[in-house]
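Counting starts at 1 for both ligands and their atoms, following the listed order.
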Amino acid sequence: MALLQISEPGESSAPHEHRLAAGIDLGTTNSLVATVRSGVAETLPDQSGKFLLPSVVRFAAGDSTVVGSDAKAAAAEDPVNTVLSAKRLMGRGLEEVKARFPKLPYEFDNDCEVVPRIKTVAGPVSAIEVSAEILKSLRQRAEDTLGGELSGVVVTVPAYFDDAQRQATKDAAKIAGLKVLRLLNEPTAAAVAYGLDQRAEGTVAIFDLGGGTFDVSILHLKQGVFEVRSTAGDTSLGGDDFDQLVADWIVEQAGFDEDRSIRYHRQLMNIACSAKEALTETQQTEIDLQFDDGSRWQGHLGRDEFNRIVQPLVKKALLPCRRALRDAGLEANDIDEVVMVGGSTRVPLVRESVGEFFGREPLVHIDPDKVVAVGAALQADVLVGNKSSDEMLLLDVIPLSLGLETMGGLVEKIIPRNTTIPVARAQDFTTFKDGQTAMSLHVLQGERELVQDCRSLARFTLREIPPMVAGAARIRVTFQVDADGLLSVTAREETAGVESGIEVKPSYGLTDSEIEQMLLDSLSHVEDDVAARSLREEQVEAQRVIEALDAALAQDGNALLSAEERAAIDSASAVLHDAMTGSDHRAIKRAISALDKASSEFAARRMDSSIKRALAGHKVEDFS
Ligand code: ADP
Ligand code: MG
């Protein structure tokens, strides 16, 4: 995850001309542009007075691309050339897109595996180009309204967007001819819009229920520092699902057969959406369906009935809220403010339920459609240099744990997932063998116990460790993740002061689905992992015992042991060698204690002889 550090525009005292800056909420369903004028952030309407630009692009032959309401209106008649919800495809590969969204009406150009392209009459287009069209339209709107070129923009992205998705968003802005000052997390933008960044300290939950997706984020702020403590959500929960349930209800009430409900799907969804939105204001709404085959159905829907219909969706949204709290290590009553974002938080039942869940009235006085764009505009205004920066620092968390490989292919976690960055954590390790002069370090990312199940980030070697007996060296390994999410790992042998290190970029190339998968895997493999860990631990212990014994035998075996005694030890050692290759950790443990027993007399004699060696030449008084 990227981090936002807002500290630049230096010479705040030097007056300079006002630069045009804008904040853009590039949404899945709707997009907006906002700017700060005379110190007040406001969203900019189009020529017909509408603020929301539907995130829909219709491609046509020639140079007549249509963006917004007109494109949306054409979606039913020209689904193949009209792209909706392109944001969902941003930064994803073709395979992933097909797996995630099997029902998309588009045909993909199979030539390009890396960036999926939708075949349209205007040629193949990627999600980046679709987004660029939306951004171009908003840029035009802003420049027409403000009467000049934009110096820079802040574009918002979901907090969970990974590097690829963020990069894709930046690319889209570039194609649209915009200078991106910074990408800003949507929940952070919403918090900024409410001025929550001005507080001394607090924890806020941002509840964002849009058209097709749901996100909840827990932010912590302290002295102008903003951290994302956790994020959770549901990528297929939003206003569209409310519409679908209402449409299903209409189909049932009207007694439509399947043919009819499929044929008039779009029309049903539209009327359901209108009914839903009307019920935000009123207690009852009339539904009047007139089809092109001349038939008609009229009915009405009351708010209580509507609440009953959508109740399961509201419940579903509370699950990620619980998860986000748990990941942040908080209880509902630790939350100081709840901010509502997204058109679907207008639904009264949603407001009530969220209020009940967190035990406080959510903040709703800034239009939930506009709040993200407003926050982005405020940030853009600071970044472009119109305001003296108040050193606003926006922090983030690492999405997956970072750790090191230890003996036996196990992973020792050094920084657990969801830790706020920047962060530095150190842990001490030691050598495994006598006289060991080098140690190789393997840096890993993931939640699982075994190296093979985690993602390898980097390897490096610490050399010139002075030779010592096993376990005597003290090697301090420090993991440091800086403000930009860049990880550096250093290892230092404390007695000799030798040091070695490496820098890695942990989130690079990891998609959020991979992150999700790694988290899911860690949950579903807990038991396997525990067993695997025990096995590895016993194997490591066996290896250690055998190596120590072999060294001792080489040194003192002939002098201190009879042939019989030696044979007994060798046979116990062979049993352990055998057990080590198996997968029963208990058998290894038994063989270790058997070998311990067989060699205990030998160990005692070595102890005596070494004491004798040590004592030789000393007077007893020296020791008392
Ligand atoms: P996104 O962030 O996905 O672009 P928005 O935040 O613009 O989405 O939310 C769009 C959703 O909000 C749509 O499903 C729309 O029906 C819903 N919505 C807008 N206004 C209302 C309202 N008054 N009552 C209920 N739902 C509404
Ligand atoms: Mg949104």
Subject >> Arg260 to Phe291 six-membered ring, cation-pi geometry met (6.0 Å, 45°) >> reply: yes

**OP:** Would you check if the side chain of Thr156 reaches a backbone N or O of Glu186 as a donor-acceptor pair within less than 3.5 Å?
**Re:** no

**OP:** For atom 15 (C) of ligand 1, grab the closest protein heavy atom and report residue, atom and distance to one decimal in Å.
**Re:** Glu277 OE2, 3.3 Å

Subject >> Per-atom contacts of ligand 1 with Cys273, taking only distances under 4.0 Å to non-hydrogen atoms >> reply: 16 (O)

Subject >> Heavy atom of the protein closest to atom 10 (C) of ligand 1 (residue, atom name, distance) >> reply: Gly211 N, 3.6 Å

Subject >> For Thr29, atoms of ligand 1 separated by under 4.0 Å from a heavy atom >> reply: 1 (P), 3 (O), 4 (O), 8 (O)

Subject >> Identity and separation of the nearest protein heavy atom to atom 7 (O) of ligand 1 >> reply: Asn30 ND2, 2.9 Å

Subject >> Donor-acceptor under 3.5 Å (Arg100 side chain, Arg88 main chain) >> reply: no

Subject >> Atom indices of ligand 1, in the order listed, that fall short of 4.0 Å to a heavy atom of Gly27 >> reply: 4 (O)

Original post:
Heavy-atom distance to atom 25 (C) of ligand 1: which of Thr28, Thr280, Asp25 wins?
Top reply: Thr280

Original post:
What is the closest protein heavy atom to atom 27 (C) of ligand 1, and at what distance does it sit?
Top reply: Gly343 O, 3.4 Å

**OP:** Determine the sole option in Thr188, Asp336, Val339 for which the side-chain contact (heavy atoms from CB on, under 4.5 Å) test with Leu196 is passed.
**Re:** Val339

Original post:
Can you name the side-chain hydrogen bond (donor to acceptor under 3.5 Å, both in side chains) partners of Asp78, sequence neighbours left out?
Top reply: Arg58, Asn81

Subject >> N or O pair under 3.5 Å between Leu209 and ligand 1 >> reply: no

**OP:** List every atom of ligand 1 that sits less than 4.0 Å from any heavy atom of Val347, numbering the atoms from 1 in the order shown and giving each element.
**Re:** 25 (C)

Subject >> Side-chain heavy-atom pair Ser126, Arg117 within 4.5 angstrom cut-off >> reply: yes

Original post:
So Ser236 and Phe101, side-chain contact (heavy atoms from CB on, under 4.5 Å) or not? Walk me through it.
Top reply: CA-CA 10 Å; Ser236 46; Phe101 311 106; over 6 Å; no

Subject >> Shortest reach to atom 14 (O) of ligand 1 by a heavy atom, considering only Pro368, Pro54, Gly239 >> reply: Gly239

Original post:
Which ligand 1 atoms does Gly342 reach within 4.0 Å, using its non-hydrogen atoms?
Top reply: 6 (O)

Original post:
Is Ser344 in polar range of ligand 1, meaning some N or O pair under 3.5 Å apart?
Top reply: yes

Original post:
Less than 4.0 Å between a side-chain N and a carboxylate O, is that true for Arg308 and Glu305?
Top reply: yes

Original post:
So which heavy atom in the protein is nearest atom 23 (N) of ligand 1, and how far is it from that ligand atom?
Top reply: Arg346 CD, 3.5 Å

Please set out all donor-acceptor pairs under 3.5 angstrom arising from side-chain atoms of residues 343-351, sequence neighbours excluded.
residue, atom, partner, partner atom, Å
Ser344, OG, Gly210, O, 2.8
Ser344, OG, Gly239, N, 3.4
Thr345, OG1, Gly342, O, 2.7
Arg346, NH1, Asp369, OD2, 3.2
Arg346, NH2, Asp367, OD1, 2.7
Arg346, NH2, Asp369, OD2, 2.8
Arg351, NE, Thr345, O, 2.8

Subject >> Gly238 heavy atom under 4.0 Å from ligand 1 >> reply: no

Original post:
Any idea which protein heavy atom is nearest atom 2 (O) of ligand 1, and the distance to it?
Top reply: Gly210 CA, 4.0 Å

Subject >> Donor-acceptor pair, side chain of Glu286 and main chain of Gln298, under 3.5 angstrom >> reply: no

